[in-house]
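To start, the structure itself, in C-alpha coordinates.
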Amino acid sequence: RESTRGPSNRAYHAMAYDSARAVTILFGGRTKRTRPLYNGETWEWDGRRWTLMSETGPEPRASHAMIYDEDRRVAVLYGGLGADGAHLSELWEWDGVEWRERQIEGVPPPRNSHAMAYDNDRKRIVVFGGYGENSERLGDTWEFDPCVGLLKLKARCKADGGGGGVIKATVSTSLSEGSTVPIDNTDVANNTTDRQRATVNARGKAKHKWPDQHGEHVVTLADCPRMTQTVLCEP
(Lines give C-alpha, C1' and ligand atoms only; values in the text may rest on other atoms or scores of the structure.)
Protein backbone atom coordinates (compact mmCIF):
# COMPACT_ATOMS: atom_id res chain seq x y z
CA ARG A 1 0.00 0.00 0.00
CA GLU A 2 1.59 3.26 -1.15
CA SER A 3 -0.89 5.76 0.31
CA THR A 4 -4.05 5.82 2.42
CA ARG A 5 -4.84 9.44 1.57
CA GLY A 6 -6.73 10.17 -1.59
CA PRO A 7 -10.06 9.23 -3.16
CA SER A 8 -12.76 7.84 -0.88
CA ASN A 9 -13.76 4.17 -1.15
CA ARG A 10 -15.62 3.58 -4.41
CA ALA A 11 -16.52 1.14 -7.16
CA TYR A 12 -17.35 1.29 -10.89
CA HIS A 13 -14.97 4.23 -11.45
CA ALA A 14 -12.65 4.64 -14.45
CA MET A 15 -8.88 5.11 -14.66
CA ALA A 16 -6.37 5.89 -17.43
CA TYR A 17 -2.60 6.40 -17.51
CA ASP A 18 -1.28 9.69 -18.91
CA SER A 19 2.11 8.66 -20.31
CA ALA A 20 3.14 12.24 -21.16
CA ARG A 21 2.76 13.51 -17.59
CA ALA A 22 3.41 10.13 -15.90
CA VAL A 23 0.23 10.23 -13.81
CA THR A 24 -2.76 7.93 -13.42
CA ILE A 25 -6.14 9.66 -13.73
CA LEU A 26 -9.24 8.55 -11.84
CA PHE A 27 -12.75 9.83 -12.38
CA GLY A 28 -16.11 9.18 -10.71
CA GLY A 29 -17.50 5.97 -9.32
CA ARG A 30 -20.15 4.82 -6.87
CA THR A 31 -19.18 5.43 -3.26
CA LYS A 32 -21.95 3.70 -1.26
CA ARG A 33 -23.40 0.22 -1.60
CA THR A 34 -26.88 1.29 -0.41
CA ARG A 35 -28.57 4.44 -1.66
CA PRO A 36 -25.71 4.90 -4.19
CA LEU A 37 -23.83 8.18 -4.11
CA TYR A 38 -22.29 8.92 -7.48
CA ASN A 39 -19.03 10.83 -7.57
CA GLY A 40 -17.74 13.51 -9.97
CA GLU A 41 -14.20 14.04 -8.68
CA THR A 42 -11.05 13.91 -10.81
CA TRP A 43 -7.94 12.61 -9.03
CA GLU A 44 -4.37 12.05 -10.20
CA TRP A 45 -1.75 9.66 -8.79
CA ASP A 46 1.93 10.44 -9.52
CA GLY A 47 3.38 7.31 -7.91
CA ARG A 48 3.72 8.90 -4.49
CA ARG A 49 0.56 10.80 -3.67
CA TRP A 50 -3.00 11.46 -4.78
CA THR A 51 -4.08 14.99 -5.79
CA LEU A 52 -7.66 16.17 -6.22
CA MET A 53 -7.56 18.00 -9.54
CA SER A 54 -11.17 18.96 -10.18
CA GLU A 55 -14.72 18.65 -8.88
CA THR A 56 -16.29 20.11 -12.04
CA GLY A 57 -16.65 18.71 -15.55
CA PRO A 58 -18.62 15.55 -16.37
CA GLU A 59 -21.60 15.00 -14.11
CA PRO A 60 -21.13 12.38 -11.36
CA ARG A 61 -21.36 8.85 -12.75
CA ALA A 62 -20.35 5.22 -12.51
CA SER A 63 -19.75 2.33 -14.94
CA HIS A 64 -18.23 4.67 -17.53
CA ALA A 65 -15.04 4.12 -19.57
CA MET A 66 -11.90 6.20 -20.00
CA ILE A 67 -8.78 5.90 -22.18
CA TYR A 68 -5.70 7.98 -22.91
CA ASP A 69 -5.10 9.42 -26.39
CA GLU A 70 -1.29 9.53 -26.72
CA ASP A 71 -1.31 11.67 -29.85
CA ARG A 72 -3.47 14.47 -28.44
CA ARG A 73 -2.34 13.96 -24.83
CA VAL A 74 -5.82 13.90 -23.36
CA ALA A 75 -7.84 11.38 -21.38
CA VAL A 76 -11.17 10.62 -23.05
CA LEU A 77 -14.28 9.64 -21.08
CA TYR A 78 -17.50 8.28 -22.52
CA GLY A 79 -20.87 7.08 -21.21
CA GLY A 80 -21.84 5.64 -17.84
CA LEU A 81 -24.75 5.79 -15.40
CA GLY A 82 -25.73 9.16 -13.92
CA ALA A 83 -26.90 9.83 -10.36
CA ASP A 84 -30.54 9.66 -11.47
CA GLY A 85 -30.00 6.30 -13.16
CA ALA A 86 -29.90 7.80 -16.64
CA HIS A 87 -27.61 6.23 -19.24
CA LEU A 88 -25.14 8.84 -20.52
CA SER A 89 -23.56 9.35 -23.93
CA GLU A 90 -21.41 12.50 -23.71
CA LEU A 91 -17.76 12.49 -24.73
CA TRP A 92 -15.41 14.44 -22.42
CA GLU A 93 -11.66 15.15 -22.57
CA TRP A 94 -9.25 15.93 -19.71
CA ASP A 95 -5.96 17.70 -20.55
CA GLY A 96 -4.53 17.78 -17.04
CA VAL A 97 -6.01 21.20 -16.29
CA GLU A 98 -9.67 21.14 -17.23
CA TRP A 99 -12.44 19.02 -18.69
CA ARG A 100 -13.96 19.86 -22.08
CA GLU A 101 -17.05 18.28 -23.61
CA ARG A 102 -16.68 17.44 -27.29
CA GLN A 103 -19.73 18.49 -29.29
CA ILE A 104 -19.85 16.02 -32.17
CA GLU A 105 -22.39 14.25 -34.32
CA GLY A 106 -22.78 10.49 -34.41
CA VAL A 107 -22.10 9.71 -30.74
CA PRO A 108 -22.97 6.06 -29.89
CA PRO A 109 -26.28 5.46 -28.06
CA PRO A 110 -26.15 5.87 -24.24
CA ARG A 111 -24.64 2.93 -22.38
CA ASN A 112 -22.75 1.76 -19.32
CA SER A 113 -20.27 -1.01 -18.47
CA HIS A 114 -18.83 -0.88 -22.00
CA ALA A 115 -15.22 -1.32 -23.14
CA MET A 116 -13.10 1.38 -24.78
CA ALA A 117 -9.57 1.44 -26.22
CA TYR A 118 -7.31 3.71 -28.27
CA ASP A 119 -6.01 2.41 -31.61
CA ASN A 120 -2.63 4.15 -31.85
CA ASP A 121 -1.98 3.06 -35.46
CA ARG A 122 -5.23 4.38 -36.91
CA LYS A 123 -5.68 7.24 -34.39
CA ARG A 124 -9.18 6.12 -33.45
CA ILE A 125 -11.07 5.53 -30.21
CA VAL A 126 -12.98 2.23 -30.25
CA VAL A 127 -16.09 1.52 -28.14
CA PHE A 128 -17.72 -1.90 -27.80
CA GLY A 129 -20.81 -3.26 -26.08
CA GLY A 130 -22.16 -2.51 -22.63
CA TYR A 131 -25.71 -2.20 -21.35
CA GLY A 132 -28.26 0.07 -23.01
CA GLU A 133 -31.10 2.15 -21.60
CA ASN A 134 -33.42 -0.84 -21.16
CA SER A 135 -30.66 -2.97 -19.64
CA GLU A 136 -30.23 -4.84 -22.91
CA ARG A 137 -26.79 -6.22 -23.67
CA LEU A 138 -25.20 -4.39 -26.60
CA GLY A 139 -22.87 -5.91 -29.20
CA ASP A 140 -22.19 -2.91 -31.41
CA THR A 141 -18.76 -1.48 -32.26
CA TRP A 142 -18.16 2.27 -32.70
CA GLU A 143 -15.15 4.35 -33.66
CA PHE A 144 -14.45 8.02 -32.96
CA ASP A 145 -12.07 10.00 -35.17
CA PRO A 146 -10.94 13.10 -33.21
CA CYS A 147 -10.54 14.97 -36.51
CA VAL A 148 -14.25 14.71 -37.33
CA GLY A 149 -15.74 18.06 -38.28
CA LEU A 150 -12.36 19.69 -38.98
CA LEU A 151 -11.96 20.23 -42.72
CA LYS A 152 -9.02 22.56 -43.36
CA LEU A 153 -6.37 24.63 -41.57
CA LYS A 154 -4.87 27.76 -43.12
CA ALA A 155 -2.16 29.70 -41.27
CA ARG A 156 0.01 32.58 -42.46
CA CYS A 157 2.14 35.39 -41.08
CA LYS A 158 1.60 38.99 -42.16
CA ALA A 159 4.18 41.68 -41.38
CA ASP A 160 3.08 44.11 -38.71
CA GLY A 161 5.52 46.87 -39.70
CA GLY A 162 7.45 46.65 -36.44
CA GLY A 163 9.92 43.91 -37.25
CA GLY A 164 7.57 41.08 -36.42
CA GLY A 165 4.36 39.66 -37.74
CA VAL A 166 0.79 38.65 -37.00
CA ILE A 167 0.00 34.95 -37.37
CA LYS A 168 -3.54 34.37 -38.56
CA ALA A 169 -5.10 30.91 -38.35
CA THR A 170 -8.40 29.97 -39.97
CA VAL A 171 -10.05 26.57 -39.53
CA SER A 172 -12.84 25.46 -41.86
CA THR A 173 -15.26 23.16 -40.05
CA SER A 174 -18.61 21.42 -40.25
CA LEU A 175 -19.09 22.01 -36.52
CA SER A 176 -22.07 23.90 -35.16
CA GLU A 177 -21.87 27.63 -34.47
CA GLY A 178 -20.50 28.32 -31.00
CA SER A 179 -18.30 25.19 -30.87
CA THR A 180 -14.67 25.75 -29.94
CA VAL A 181 -11.53 24.59 -31.72
CA PRO A 182 -8.23 24.51 -29.75
CA ILE A 183 -5.33 25.84 -31.86
CA ASP A 184 -1.69 25.51 -30.77
CA ASN A 185 0.95 28.03 -31.83
CA THR A 186 4.44 26.68 -31.11
CA ASP A 187 7.45 29.01 -31.23
CA VAL A 188 10.16 26.70 -32.58
CA ALA A 189 13.14 28.74 -31.28
CA ASN A 190 11.80 29.00 -27.73
CA ASN A 191 9.98 25.64 -27.70
CA THR A 192 6.90 27.25 -26.16
CA THR A 193 3.28 26.65 -27.13
CA ASP A 194 0.34 28.99 -26.77
CA ARG A 195 -3.08 27.31 -27.00
CA GLN A 196 -6.14 29.35 -27.87
CA ARG A 197 -9.75 28.20 -28.29
CA ALA A 198 -11.29 29.73 -31.41
CA THR A 199 -15.10 29.88 -31.63
CA VAL A 200 -16.87 28.63 -34.75
CA ASN A 201 -18.92 31.36 -36.42
CA ALA A 202 -22.12 31.11 -38.48
CA ARG A 203 -20.06 30.39 -41.62
CA GLY A 204 -18.31 27.40 -40.09
CA LYS A 205 -15.01 29.21 -39.58
CA ALA A 206 -12.92 29.38 -36.41
CA LYS A 207 -10.27 32.11 -36.41
CA HIS A 208 -7.52 33.41 -34.16
CA LYS A 209 -4.51 35.70 -34.56
CA TRP A 210 -1.31 36.14 -32.56
CA PRO A 211 0.42 39.57 -32.75
CA ASP A 212 4.14 40.32 -32.36
CA GLN A 213 5.43 36.99 -33.65
CA HIS A 214 8.99 36.31 -34.80
CA GLY A 215 10.79 33.44 -36.50
CA GLU A 216 9.45 29.98 -37.24
CA HIS A 217 6.16 28.79 -35.77
CA VAL A 218 4.13 25.60 -36.06
CA VAL A 219 0.35 25.98 -35.96
CA THR A 220 -1.49 22.76 -35.08
CA LEU A 221 -5.07 21.75 -34.35
CA ALA A 222 -4.98 20.18 -30.90
CA ASP A 223 -8.00 18.01 -31.74
CA CYS A 224 -6.31 16.74 -34.91
CA PRO A 225 -2.48 16.79 -34.71
CA ARG A 226 -2.10 15.66 -38.31
CA MET A 227 -3.53 19.04 -39.37
CA THR A 228 -0.49 21.28 -38.92
CA GLN A 229 1.25 24.08 -40.79
CA THR A 230 4.65 25.78 -40.45
CA VAL A 231 4.79 29.57 -40.90
CA LEU A 232 7.74 31.98 -40.89
CA CYS A 233 7.49 35.50 -39.54
CA GLU A 234 10.41 37.41 -41.07
CA PRO A 235 11.40 41.01 -40.29
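Not measured: the values here are computed from a predicted model.
Comment: Glu41 engages Arg10 in a salt bridge, judged by a side-chain N to carboxylate O separation of less than 4.0 angstrom. Between Glu90 and Arg61 a salt bridge is recorded (basic side-chain N to carboxylate O distance below 4.0 Å).
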N/O donor to acceptor pairs below 3.5 angstrom from side-chain atoms of residues 146-165, sequence neighbours left out:
| from | atom 1 | to | atom 2 | distance (Å) |
| --- | --- | --- | --- | --- |
| Asp160 | OD1 | Gly162 | N | 2.9 |
| Asp160 | OD1 | Gly164 | N | 3.2 |

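Pairs of residues two or more places apart, or lying in two chains, never qualify as salt bridge (Lys or Arg N to Asp or Glu O under 4.0 Å) while including a residue from residues 209-222. Residue pairs satisfying the ring-ring contact (aromatic ring centres under 6.0 Å, His included) criterion with at least one member in residues 117-137, sequence neighbours excluded, are absent. The salt bridge (Lys or Arg N to Asp or Glu O under 4.0 Å) analysis of residues 131-140, with sequence neighbours excluded, yields the pairs Arg111-Asp140. Applying the salt bridge (Lys or Arg N to Asp or Glu O under 4.0 Å) rule to pairs touching residues 79-89 yields nothing, sequence neighbours excluded.
Partners of Asp119 under the salt bridge (charged side-chain N to carboxylate O under 4.0 Å, His left out) rule, at least two apart in sequence or in another chain, are Arg122. Listed by chain and number, the residues in a side-chain contact (heavy atoms from CB on, under 4.5 Å) with Leu91 are Val76, Tyr78, Arg102, Ile104, Phe144 (sequence neighbours excluded). With sequence neighbours excluded, no residue forms a ring pair (Phe, Tyr, Trp, His ring centres under 6.0 Å) with His217. Shown here are the salt bridge (charged side-chain N to carboxylate O under 4.0 Å, His left out) partners of Arg21, two or more places apart in sequence or in another chain: Asp18, Glu44. The ring pair (Phe, Tyr, Trp, His ring centres under 6.0 Å) search around Trp210 returns His208, not counting sequence neighbours. In terms of the side-chain contact (heavy atoms from CB on, under 4.5 Å) criterion, residue partners of Thr42 (sequence neighbours excluded) are, by chain and number, Ile25, Phe27, Met53, Ser54, Trp94, Trp99. Taking Asp187 as the reference, nothing meets the salt bridge (charged side-chain N to carboxylate O under 4.0 Å, His left out) condition, with sequence neighbours excluded.
Side-chain N or O atoms of Thr228 include none that pairs as donor or acceptor with a backbone N or O of Pro225 at under 3.5 Å.
Put simply, the side chain of Thr31 does not reach to within 4.5 Å of the side chain of Asn9, judged on heavy atoms. Between Val166 and Gln213 the shortest side-chain heavy-atom distance does not fall below 4.5 Å. With contacts defined as side-chain heavy-atom distances shorter than 4.5 Å, the pair Thr192/Asp194 does not qualify. The shortest distance between side-chain heavy atoms of Val181 and Thr199 does not fall below 4.5 Å. Counting heavy atoms from C-beta outward, Lys123 and Glu70 have side chains that stay 4.5 Å or more apart. In this structure the side chain of Pro60 never reaches within 4.5 angstrom of the side chain of Asn39, judged on heavy atoms. The shortest distance between side-chain heavy atoms of Val218 and Val188 falls below 4.5 Å. Between Asp46 and Thr51, every side-chain heavy-atom pair lies at or beyond the 4.5 Å cut-off.
A donor-acceptor pair shorter than 3.5 Å can be found between the side chains of Lys205 and Ser172.
Counting heavy-atom neighbours within 6.0 Å of Asn191 CG, excluding the residue itself, gives a total of 12 or less.
Here the closest non-hydrogen pair linking Pro108 and Ser89 is O-CB, 3.7 Å. Among all heavy-atom pairs drawn from His13 and Leu26, the shortest one is CD2-CD1, 3.7 Å.
Between the CD atom in Glu177 and the CG atom in Asn201 there is a gap of 7.0 Å [rounded to 0.5 Å].
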